[in-house]
Amino acid sequence: RRNLWHSLTYSRALTSGYSSGLELDDDVRYSLVWSGEPIAVGTSVARHNAEPKLSTATAYRDWLMTVFASWPMMKDVTLHVSTAYAIRDNDPPAPDSTTEEDGAGDENGDEATLINDYDTWTSAFGVTYRMTKRSTLAAYINHTTRLSDEPSLEFARDILGTTFTYDYSF
């Protein structure tokens with residue numbers, strides 16, 4: 001059995017902001033997924049615009065591109081791989097704020113992540129095992145690299161983890 005589906009979504013919401021009382025958020029996402037025997041693959045592209053309200057915080061935009069796949073390896077065991085590339089584009093700070101020499105923030109105390117642009121690439125590899133009808137055990141490794149013109153925002157990290165899930169519906 002093979003299935004191909006796609007979706008285009010748009011949402012607009014007034015939400016609590018990270019650095020402001022309210023943000024007007026616009027989100028657009030396009031997804032394309034193909035699932036067949038035995039593999040499922042997909043991709044999505046998303047754009048997020050945030051305009052802070054009730055604050056002097058600056059607006060920002062995020063682009064996110066994702067590719068993922070999953071393969072059942074044997075009964076109850078599935079392999080998952082994914083990669084995602086995100087771009088954060090912050091508006092420049094207000095003209096009356098100046099950036100400190102180290103670039104970590106500005107004189108108003110704004111965090112570096114709020115005034116500098118950065119790109120983040122995350123790749124993940126994992127395996128899930130369905131233990132019972134209601135429980136699943138997953139193990140994964142995740143590698144993330146962030147690049148920026150601001151040195152304090154750059155990093156690379158690896159995360160290893162396991163997750164046990166028990167599903168019970170009331």
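When reading the values below, keep in mind they use all heavy atoms of this one structure, side chains included, and skip hydrogens, waters and symmetry mates.
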Same cluster for [X] and [Y] if Ile/Leu/Val/Met/Phe/Trp/Tyr side chains link at under 4.5 Å?
| X | Y | value |
| --- | --- | --- |
| Leu137 | Leu79 | yes |
| Trp34 | Val67 | no |
| Val81 | Met73 | yes |
| Leu8 | Trp5 | no |
| Tyr85 | Trp63 | yes |

Any side-chain heavy-atom pair of [X] and [Y] under 4.5 Å:
| X | Y | answer |
| --- | --- | --- |
| Tyr60 | Leu114 | no |
| Val127 | Tyr129 | no |
| Met65 | Ile87 | yes |
| Thr113 | Arg146 | yes |
| Thr163 | Thr128 | no |
| Thr83 | Trp121 | yes |
| Ser44 | Arg29 | yes |
| Thr162 | Tyr140 | no |

About how many Å separate [atom2] of [Y] and [atom1] of [X], when rounded to the nearest 0.5 Å?
| X | Y | atom1 | atom2 | result |
| --- | --- | --- | --- | --- |
| Thr144 | Arg157 | OG1 | CZ | 5.0 Å |
| Ile115 | Asn90 | CD1 | CG | 8.5 Å |
| Glu51 | Leu14 | CD | CG | 10.0 Å |
| Leu153 | Asp119 | CG | CG | 11.0 Å |
| Ile141 | Ile159 | CD1 | CD1 | 10.0 Å |
| Ser11 | Asp25 | OG | CG | 8.0 Å |

Could you go step by step and tell me if Ser148 and Asn116 meet the side chain to side chain donor-acceptor pair (under 3.5 Å) rule? CA-CA 8 Å; Ser148 176; Asn116 294 285; 5.6 Å; no
Shortest non-hydrogen contact from [X] to [Y]?
| X | Y | value |
| --- | --- | --- |
| Phe68 | Thr43 | CE2-N, 3.9 Å |
| Leu64 | Ala84 | CD1-CB, 4.0 Å |
| Pro38 | Pro72 | O-CD, 2.5 Å |

Please confirm whether His80 and Phe125 have ring centers closer than 6.0 angstrom.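 No - the distance between ring centres of His80 and Phe125 does not fall below the 6.0 Å cut-off.
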Please evaluate residues His143 and Thr122 with respect to the criterion side-chain contact (heavy atoms from CB on, under 4.5 Å), reporting the C-alpha separation (whole Å), side-chain torsions for both, the decisive distance (0.1 Å), and the verdict. CA-CA 6 Å; His143 175 77; Thr122 302; over 6 Å; no
Would you call Asp26-Arg47 a salt bridge at under 4.0 Å N-O?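 So Asp26 does not pair with Arg47 through a salt bridge.
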Salt-bridge criterion met for Arg88 and Asp117 (N-O under 4.0 Å):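 The answer is no: the pair does not qualify as a salt bridge.
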What verdict does the side-chain contact (heavy atoms from CB on, under 4.5 Å) test give for Phe164 and Ser135, after you've listed the backbone C-alpha separation in whole Å, the side-chain angles of each residue and the deciding distance to 0.1 Å? CA-CA 7 Å; Phe164 173 76; Ser135 63; 3.8 Å; yes
Is it the case that more than 12 heavy atoms not belonging to Asp149 sit under 6.0 Å from its CG atom?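 Result for CG/Asp149: open.
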Decide if atom NE2 of His6 counts as having more than 12 heavy atoms of other residues, nucleotides or ligands within a radius under 6.0 Å.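 Atom NE2 in His6 is not packed in, count stays at 12 or less.
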We want to know whether Glu150 and Ser152 form a side-chain donor-acceptor pair, criterion being a heavy-atom distance below 3.5 angstrom.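 Present: a donor and an acceptor within the cut-off.
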Check the pair Asp91 / Arg61 against salt bridge (charged side-chain N to carboxylate O under 4.0 Å, His left out), numbers first and verdict last. CA-CA 8 Å; Asp91 282 353; Arg61 286 150 305 286; 2.5 Å; yes
Relative to the ring of Tyr168, is the ring of Tyr166 parallel (under 30°), tilted (30 to 60°) or perpendicular (over 60°)?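 Rings of Tyr166 and Tyr168: parallel, as their planes differ by under 30°.
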